[in-house]
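One structure below.
The sequence lines fix the lettering, A, B, ..., with proteins before strands; numbering per chain opens at 1.
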Amino acid sequence: MAGLAASYGNPLSSHERLRVRLLTIGIAMGYLSVAALAADPDHPGAQLASVCAACHRLDSDDHTAGISPIAGIEPERLAGMMRAFQLDAQKNDIMHAVSLTLSDDEITAVASYLAALGKAKRP
Amino acid sequence: MTRRTRREFGIGAAAGLAFVPRVARGQTKPRVIVIGGGIGGATVAKYVAGSGKVDVALIEPKARYITCFMSNLYLAGLRSFESLTHGYETLADRYGIKVIHDFAVKIDPVGKTVWLKSGLGMPYDRLVVSPGITFQFDAIAGYTEAASEIMPHAWTAGPQTQLLRAQLDAMDDGGVFVITAPQNPFRCPPGPYERASLAAYYFTQFKPRAKILILDAKDSFFEQDLFQDGWNRHYPGMIEWLPGQFTGGVTAVDVKANRVKTAADSFKANVANIIPPQIAGSLAQNAGLADESGWCPVDPITFESKRQPNIFVVGDAASAGDMPKSAFCANSQAKVCAYSILAELTGSQHPAPHLFNTCYTYLSANDAISDAISFKPDGGTLKISGISMSKIDESKDVRCETVREASAWYDAFTHDVFG
């Protein structure tokens with residue numbers, strides 16, 4: 001868990017990192033559903049992740065579905081994918097339009113959040 | 001306890017107690033009522049309740065919701081009716097939302113109370129109204145609600161959709177299927193043209209001599225070049241589109257003679273699908289939430305009504321600038337609205353809204369297109385900030401992959417709303 005928290009980097013404060021850790025533990029222990037975490041308004045990445053949830057199942061690892069799972073991808077990799085979408089490098093019209101609305105800080109926040117969400121499902 | 005009438009007692013009555021089940025040590029949570037269990041209403045209810053800090057009641061007369069989106073696939077025999085049908089059990093069980101199957105008949109914005117048909121009065125701290133659309137049955141002469149049982153609109157999914165499917169099934173080969181499309185704004189701008197596409201897909205297999213005639217009130221429509229390219233490739237000669245400047249628009253129907261009349265002509269229809277003009281749902285009209293346009297003006301950052309404080313409007317009923325009336329927009333608006341309400345009631349953060357529309361549209365069983373549009377608050381309304389969409393020269397593989405994406409999107413999206 002320490003490694004998980006350390007991997008967040010900015011823009012999460014120490015308070016926010018603790019909050020994600022506690023939520024993560026809560027999920028692992030079955031106290032909170034993944035869906036409830038996705039709705040948590042107090043996490044900086046949660047409101048952004050709700051945008052993702054309109055197309056991506058955040059509780060699924062099914063790589064055969066027509067839309068890829070995103071929860072659990074390493075935050076640096078996911079952030080890199082989002083920045084590539086901004087440049088239209090991956091030729092996905094929808095993700096190009098979505099990614100262009102995000103600031104660099106927002107990309108970091110949502111990538112950190114989704115990574116924590118995925119790890120919470122696989123403690 | 002002194003004796004009170006049921007109305008005076010309001011939320012303290014038996015049904016109301018069930019609405020505030022998590023009161024602990026006398027601490028009452030803020031109360032949010034959501035009227036309308038469609039995409040906008042169900043999404044608001046889920047995301048507000050997901051905080052765990054607010055008691056949420058969802059008022060919806062129907063026990064099941066049937067999605068309009070993807071219902072054209074059902075008409076073409078590509079999706080089951082059951083697959084379009086969703087219940088409210090998860091919203092109640094997992095999120096603790098009090099789902100009340102009743103009609104909201106009156107809103108008292110001063111007393112902050114919603115009155116139900118059953119007589120119950122429910123007080124709220126914030127109210128969300130997501131009533132969808134009402135059809136303007138008087139806009140086309142002869143097209144009454146009774147006439148819609150003969151010439152279905154099928155623009156609210158349910159029995160109307162099943163009726164239209166049965167009529168298409170029963171139509172003879174060589175028959176004419178007439179679709180009328182209204183002026184903007186209306187629910188699902190690409191919908192009439194996707195319907196024509198998928199009806200043509202069905203006819204091509206089973207009734208290859210059938211014709212489809214679209215009588216439009218408009219002179220152009222969204223993604224027109226993509227649609228017409230698809231029609232030429234898949235169904236050459238089957239679909240004819242007549243713009244408003246040519247017909248003068250649909251003025252009347254004669255259900256006994258099976259005729260659809262325009263300013264300039266009269267057309268015989270074997271099956272007629274009349275999509276009438278629309279305004280915000282009747283509850284919004286009665287509550288004074290709609291303006292002279294028939295739609296409900298809202299603050300572009302919070303979705304609070306510009307006409308009534310503490311009442312929010314999301315979904316098709318809202319007049320939200322450039323945002324079209326779509327399920328995706330309703331869901332996107334609902335999240336922004338939910339986080340705005342949570343910020344007011346619980347002090348949580350409310351950063352700049354991210355609002356989108358994404359649309360998957362079928363041209364054929366293995367040919368779908370998509371678009372994504374982002375919106376930003378600008379000058380008191382919402383304006384398009386970015387747009388990208390499918391292109392005409394895409395390969396068959398790309399279009400097939402878009403069909404796969406569309407199917408996965410439906411699964412994820414309905415899970416986001418109801419799951």
Side chain [X], main chain [Y], donor-acceptor under 3.5 Å:
X       : Y       : result
S99(A)  : Q86(A)  : yes
T43(B)  : N331(B) : no
Y88(B)  : G37(B)  : yes
K325(B) : A318(B) : yes
K335(B) : S50(A)  : yes

Quiz prompt | Part of S332(B) within contact of chain A (heavy atom distance under 4.5 Å) | solution =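 For S332(B), no heavy atom lies under 4.5 Å from chain A.
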Quiz item: At a heavy-atom separation under 4.5 Å, does S407(B) approach chain A through its side chain, its backbone, both, or neither?
Solution: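 Nothing of S407(B), per the 4.5 Å heavy-atom cut-off to chain A.
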Quiz item: Given that the side chain runs from C-beta out, which part of T64(A) has a heavy atom under 4.5 Å from chain B: side chain, backbone, both or neither?
Solution: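 Contact with chain B is through the backbone of T64(A) alone.
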Self-check item: Options L100(A), L48(A), D62(A), I94(A), ranked by heavy-atom pairs under 4.5 Å with chain B, top entry
Solution: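 Of the options given, most contacts go to I94(A).
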Quiz item: Quick one: of T101(A), L102(A), V51(A), who has the most non-hydrogen atom pairs under 4.5 Å with chain B?
Solution: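 Looking at each option in turn, the highest pair count goes to T101(A).
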Quiz item: F69(B) and ring pair (Phe, Tyr, Trp, His ring centres under 6.0 Å): which partner among Y360(B), F413(B), F328(B), Y362(B)?
Solution: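 So, applying the ring pair (Phe, Tyr, Trp, His ring centres under 6.0 Å) to F69(B) and each of Y360(B), F413(B), F328(B), Y362(B), only F413(B) qualifies.
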Quiz item: Top residue by heavy-atom pair count (under 4.5 Å) with chain A, among E405(B), E401(B), H350(B), M389(B)?
Solution: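 Going by pairs under 4.5 Å, I would pick E405(B).
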Quiz item: Which of the residues V398(B), V417(B), D411(B) is involved in the greatest number of heavy-atom pairs with chain A at under 4.5 angstrom?
Solution: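 Maximum pair count with chain A is reached by D411(B).
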